[in-house]
Amino acid sequence: MMADNNGVDIKIEKRAKEDRFQAHDYYNIDELLSEDHLLARDAVRTWVKQEVSPIIESYAEQAKCPMHLYKGLAEIGAYGPSLPVEYGGGGMDEMAYGVIMQELERGDSGIRSMASVQGSLVMYPIFKFGSEEQKKKYLPKLGSGEFIGCFGLTEPDHGSNPGGMVTNIKDDGDAYILNGAKMWITNSPVADIAVVWAKDEEGKIRGMIVEKDMPGFSAPEIHGKWSLRASITGELVFEDVRVPKANVFPNVKGLKGPLSCLSKARYGIAWGAIGAAMDCYDSALRYSLEREQFGKPIGQFQLTQKKLAEMITEITKAQLLVWRLGSLANQGKATPAQISMAKRNNVNMALEIAREARQIHGGMGITNEYPVMRHMMNLETVLTYEGTHDIHLLITGMDVTGLNAFK
Ligand code: TGC
Ligand code: FAD
């Protein structure tokens with residue numbers, strides 16, 4: 001055992017030996033991907049094996065964020081893969097973005113979160129709604145991992161209903177005075193900048209970039225999470241923070257601003273969840289062939305086969321869902337409701353697979369000898385953030401009936 005720069009004791013040899021992950025592609029979906037997609041996917045797969053798998057159980061166990069990976073994620077192009085290169089992105093398409101998220105979440109949902117927030121919730125709104133000056137000032141530093149960003153929408157009393165937010169700005173000459181608080185913000189305690197959504201004096205939601213050194217701004221860490229333990233989460237507290245008007249997004253007003261960022265991130269999560277599911281399935285399949293009870297491998301029992309057969313069926317259906325969604329996204333035709341369906345289905349699918357995989361591992365399934373319990377605990381958050389399981393159901397319900405359950 002040794003301690004790394006983040007003060008985390010690492011059981012490197014043990015984990016490195018254990019990452020025997022093999023990808024599963026029951027319907028030859030790789031044939032639907034281009035050479036570029038496969039190259040991007042394989043590069044991230046290798047990086048995860050080398051950089052994430054050896055350390056992730058130790059970081060999760062000790063509830064520490066692997067800070068050094070923020071730079072590594074930039075180096076593999078995980079921040080904004082489908083944003084233009086001149087704005088710090090990867091210049092690839094939506095399918096490439098998807099496969100990269102899948103591989104990251106195969107490692108850990110918290111590592112995928114680090115990338116999702118930076119790329120889709122911080123760089124994307126600056127790219128989409130920001131002024132040219134804002135883009136030039138922040139995007140290259142975010143794309144290279146020099147700056148870490150976070151996204152503040154959720155408030156202590158307004159989670160599923162962000163439109164009810166009370167965080168507000170008041171005009172004060174060349175600046176706005178920002179007051180309020182945000183809750184459950186990924187990356188916030190270590191972020192250099194926060195993209196914050198607040199109501200102006202007319203009650204319109206505006207987006208702005210708040211820098212960590214602005215007086216009156218603090219970002220205390222939230223402790224005690226049993227989920228996403230390798231990802232750092234905090235609050236954002238604003239007490240008369242003077243935000244220059246130059247930091248406010250000129251090109252968007254209203255809830256559609258933050259919600260369109262969510263569409264981008266939810267799309268990535270729909271892919272990412274497949275990675276977590278594949279890791280659980282892969283581990284369960286191998287365990288079922290190696291573990292013997294009653295004189296034969298447990299994989300020979302019909303009940304184990306039922307679990308494994310259903311897992312690979314659900315993974316395959318989820319892969320086809322996101323492949324089609326990726327095609328639509330590449331044509332600019334993926335609707336928010338289609339993205340909601342994929343996020344909801346795939347995250348729930350991954351969580352159910354994690355639970356079944358845990359059973360196949362028996363008692364060993366609750367330990368950090370295997371990745372399954374960590375994925376399962378992570379997926380409880382993924383089921384809730386970026387819109388809960390039930391909120392996405394209601395979005396689908398509204399889309400098919402034309403009737404709005406939220407109003
Ligand atoms: P509603 O009246 O329906 O919509 C307001 C305006 O927004 C438009 N819109 C969208 N635009 C783009 N993408 C979407 N997904 C959109 N959904 C709605 C809509 O067309 C309308 O536009 P306009 O022009 O008419 O003004 O709004 P509502 O207040 O009724 O709310 C609807 C609801 C409940 C679906 C929405 O508020 C919602 O999605 N709630 C869930 C909240 C949520 O997902 N929060 C996530 C916080 S961020 C996070 O969790 C990051 S975790 C990241 C990580 O660590 O990986
Ligand atoms: P609530 O909205 O209070 O929901 C509680 C329950 O009520 C849920 O089951 C919900 O489905 C149900 N419910 C609510 N409304 C309805 C309804 N109309 N009909 C039926 N059921 C309903 N937010 C950010 O802004 N930025 C981040 O970076 C971020 N990162 C996060 C990281 C973590 C680890 C976690 C746990 C959360 C994060 N979030 C972030 C917040 C996340 O998006 C919210 O937790 C989520 O949107 C749900 O809000 P809530 O927790 O307030 O639950």
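Note that the numbering runs from 1 along the sequence shown for the chain. The figures that follow rest on heavy atoms only: side chains count, while hydrogens, waters and symmetry mates do not. One-based numbering, in listed order, for ligands and for the atoms of each.
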Margin query: Within this structure, what is the CE-CG distance for the pair Met123 and Leu142, rounded to the nearest 0.5 Å?
Written below: 6.0 Å
Item checked: Top protein contact for atom 37 (O) of ligand 1, by heavy-atom distance -> Pro162 CD, 3.3 Å
Margin query: Out of all atoms in ligand 1, which are within 4.0 Å of some heavy atom of Lys407? Include the element for each.
Written below: 2 (O), 28 (P), 30 (O)
Item checked: Region of Leu259 that comes within reach of ligand 1 [heavy atoms, distance under 4.0 Å] -> both
Notebook entry, point to check: In terms of ring plane angle, is the pair His24 and Tyr281 parallel, tilted or perpendicular, where the classes change at 30° and 60°?
Noted result: perpendicular
Notebook entry, point to check: At the 4.0 Å heavy-atom cut-off, does Ala265 count as touching ligand 1?
Noted result: no
Next item on the list: Kindly assign one of parallel, tilted or perpendicular to the pair Trp197 and Phe129, based on the angle between their ring planes and the thresholds 30° and 60°.
Entry: perpendicular
Margin query: Counting only nitrogen or oxygen atoms and a 3.5 angstrom limit, does Leu121 reach ligand 1?
Written below: no
Next item on the list: Check the side chains of Tyr385 and Thr186 for a donor-acceptor pair under 3.5 angstrom, ignoring hydrogens and angles.
Entry: no
Using residues 88-98 as the side-chain source, report each donor-acceptor pair under 3.5 Å to any protein atom, sequence neighbours left out, with the distance given to one decimal.
from: Asp93; atom 1: OD1; to: His37; atom 2: NE2; distance (Å): 3.0
from: Asp93; atom 1: OD1; to: Met95; atom 2: N; distance (Å): 3.2
from: Asp93; atom 1: OD1; to: Ala96; atom 2: N; distance (Å): 2.9
from: Asp93; atom 1: OD2; to: His37; atom 2: NE2; distance (Å): 2.9
from: Asp93; atom 1: OD2; to: Asn330; atom 2: ND2; distance (Å): 3.1
from: Glu94; atom 1: OE1; to: Ser82; atom 2: OG; distance (Å): 3.4
from: Glu94; atom 1: OE1; to: Lys264; atom 2: NZ; distance (Å): 3.4
from: Glu94; atom 1: OE2; to: Ser82; atom 2: OG; distance (Å): 3.3
from: Glu94; atom 1: OE2; to: Lys264; atom 2: NZ; distance (Å): 2.9
from: Tyr97; atom 1: OH; to: Ser120; atom 2: OG; distance (Å): 2.7
from: Tyr97; atom 1: OH; to: Lys264; atom 2: O; distance (Å): 2.9

Next item on the list: Mind checking the NZ-CG spacing from Lys49 to Asp19? Nearest 0.5 Å is all I need.
Entry: 4.5 Å
Checklist line | Interfacing atoms of ligand 1 (cut-off 4.0 Å, heavy-atom, Ser260) | finding: 12 (C), 13 (N)
Checklist line | Residues Lys306 and Glu310 bridged, charged N to O under 4.0 Å | finding: yes
Next item on the list: Determine whether the side chain, the backbone, both or neither of Asn404 has a heavy atom under 4.0 Å from any heavy atom of ligand 1.
Entry: neither
Checklist line | Sub-4.0 Å heavy-atom contact, Ser109 with ligand 1 | finding: no
For ligand 2, output the ligand-protein N/O contacts shorter than 3.5 angstrom; if there are none, return none.
from: ligand 2; atom 1: 2 (O); to: Ser160; atom 2: N; distance (Å): 2.9
from: ligand 2; atom 1: 2 (O); to: Ser160; atom 2: OG; distance (Å): 2.6
from: ligand 2; atom 1: 11 (O); to: Thr388; atom 2: OG1; distance (Å): 2.7
from: ligand 2; atom 1: 23 (N); to: Thr154; atom 2: OG1; distance (Å): 2.7
from: ligand 2; atom 1: 25 (O); to: Leu153; atom 2: N; distance (Å): 3.0
from: ligand 2; atom 1: 25 (O); to: Thr154; atom 2: N; distance (Å): 2.9
from: ligand 2; atom 1: 25 (O); to: Thr154; atom 2: OG1; distance (Å): 3.1
from: ligand 2; atom 1: 26 (N); to: Phe151; atom 2: O; distance (Å): 2.9
from: ligand 2; atom 1: 28 (O); to: Thr186; atom 2: N; distance (Å): 3.0
from: ligand 2; atom 1: 30 (N); to: Trp184; atom 2: O; distance (Å): 2.7
from: ligand 2; atom 1: 30 (N); to: Thr186; atom 2: OG1; distance (Å): 3.0
from: ligand 2; atom 1: 39 (N); to: Trp184; atom 2: O; distance (Å): 3.1

Notebook entry, point to check: Could any protein non-hydrogen atom be found less than 4.0 Å from atom 21 (C) of ligand 1?
Noted result: no
Next item on the list: Work out whether the distance between some heavy atom of Arg266 and some atom of ligand 1 is less than 4.0 Å.
Entry: yes
Check: Of the backbone atoms (N, CA, C, O) and the side-chain heavy atoms from C-beta on, which set of Ser160 has a member under 4.0 Å from an atom of ligand 1: side chain, backbone, both, or neither?
Finding: backbone
Check: Is the shortest distance from a Lys or Arg side-chain nitrogen in Arg41 or Asp30 to a carboxylate oxygen in the other one below 4.0 Å?
Finding: yes
Next item on the list: May I ask you to list the atoms of ligand 1 that are less than 4.0 angstrom from any heavy atom of Leu262?
Entry: 43 (C), 44 (O), 45 (N), 46 (C), 48 (S)
Checklist line | Contact atoms of ligand 1, heavy-atom distance to Thr154 under 4.0 Å | finding: 47 (C)
Check: N/O to N/O below 3.5 Å, does that happen between Ser116 and ligand 1?
Finding: no
Note to self: Using a 4.0 Å cut-off to any heavy atom of Glu386, which atoms of ligand 1 qualify?
What the structure shows: 44 (O), 46 (C), 49 (C), 50 (O), 51 (C), 52 (S), 53 (C)
Notebook entry, point to check: Applying a 4.0 Å heavy-atom criterion (strictly less than), which segment of Leu394 is in contact with ligand 1: side chain, backbone, both, or neither?
Noted result: neither
Next item on the list: Mark up the atoms of ligand 1 that fall under 4.0 Å of a heavy atom belonging to Thr186, in ascending order.
Entry: 54 (C), 55 (O)
Check: Which part of Ile395 is near ligand 1, with near meaning a heavy atom under 4.0 Å away: side chain, backbone, both or neither?
Finding: side chain
Check: Is the backbone of Tyr70 close enough, under 3.5 Å, to the side chain of Tyr79 for a donor and an acceptor to pair up by distance?
Finding: yes
Next item on the list: Please state which part of Leu228 comes within less than 4.0 Å of ligand 1, counting heavy atoms only: side chain, backbone, both or neither.
Entry: neither
Next item on the list: Could you list which atoms of ligand 1 come closer than 4.0 Å to a heavy atom of Gly159?
Entry: 42 (C)
Notebook entry, point to check: Do the charged groups of Glu314 and Lys317 touch, with an N to O distance under 4.0 Å?
Noted result: yes
Margin query: Measuring from non-hydrogen atoms of Pro336 to any atom of ligand 1, is the shortest distance under 4.0 Å?
Written below: yes
Checklist line | Salt-bridge present (Arg355, Glu380; N to O < 4.0 Å) | finding: yes
Next item on the list: Side-chain contact test, heavy atoms from C-beta onward, threshold under 4.5 Å: evaluate it for Ile193 versus Lys141 and give yes or no.
Entry: no
Checklist line | Ligand-side contact atoms (ligand 1) for residue partner Arg112, heavy atom cut-off under 4.0 Å | finding: 56 (O)
Note to self: Closer than 4.0 Å and a protein heavy atom, does any atom meet both conditions relative to atom 3 (O) of ligand 1?
What the structure shows: no
Next item on the list: Would you mind checking which non-hydrogen protein atom is closest to atom 31 (O) of ligand 1, with the distance to 0.1 Å?
Entry: Leu255 CD2, 4.2 Å
Check: Looking at Arg242 and Asp174, does any basic side-chain N land under 4.0 Å from a carboxylate oxygen?
Finding: yes
Next item on the list: Measure the distance from atom 15 (N) of ligand 1 to every protein heavy atom, then report the residue, atom name and distance (to 0.1 Å) of the closest one.
Entry: Ser263 OG, 2.9 Å
Checklist line | Salt-bridge criterion met for Arg20 and Asp282 (N-O under 4.0 Å) | finding: no
Notebook entry, point to check: Is atom 25 (O) of ligand 1 in close reach of the protein, with a heavy atom under 4.0 Å away?
Noted result: no
Next item on the list: Could you tell me whether Lys212 sits above the aromatic face of Phe217, with NZ or CZ closer than 6.0 angstrom to the six-membered ring centre and within 45 degrees of the axis?
Entry: no
Next item on the list: Please tell me if the side chains of Ile274 and Met349 come closer than 4.5 Å, counting only heavy atoms from C-beta onward.
Entry: yes
Next item on the list: Would you give the length of the straight line joining atom CE of Met278 to atom CZ of Arg106, rounded to the nearest 0.5 angstrom?
Entry: 9.0 Å
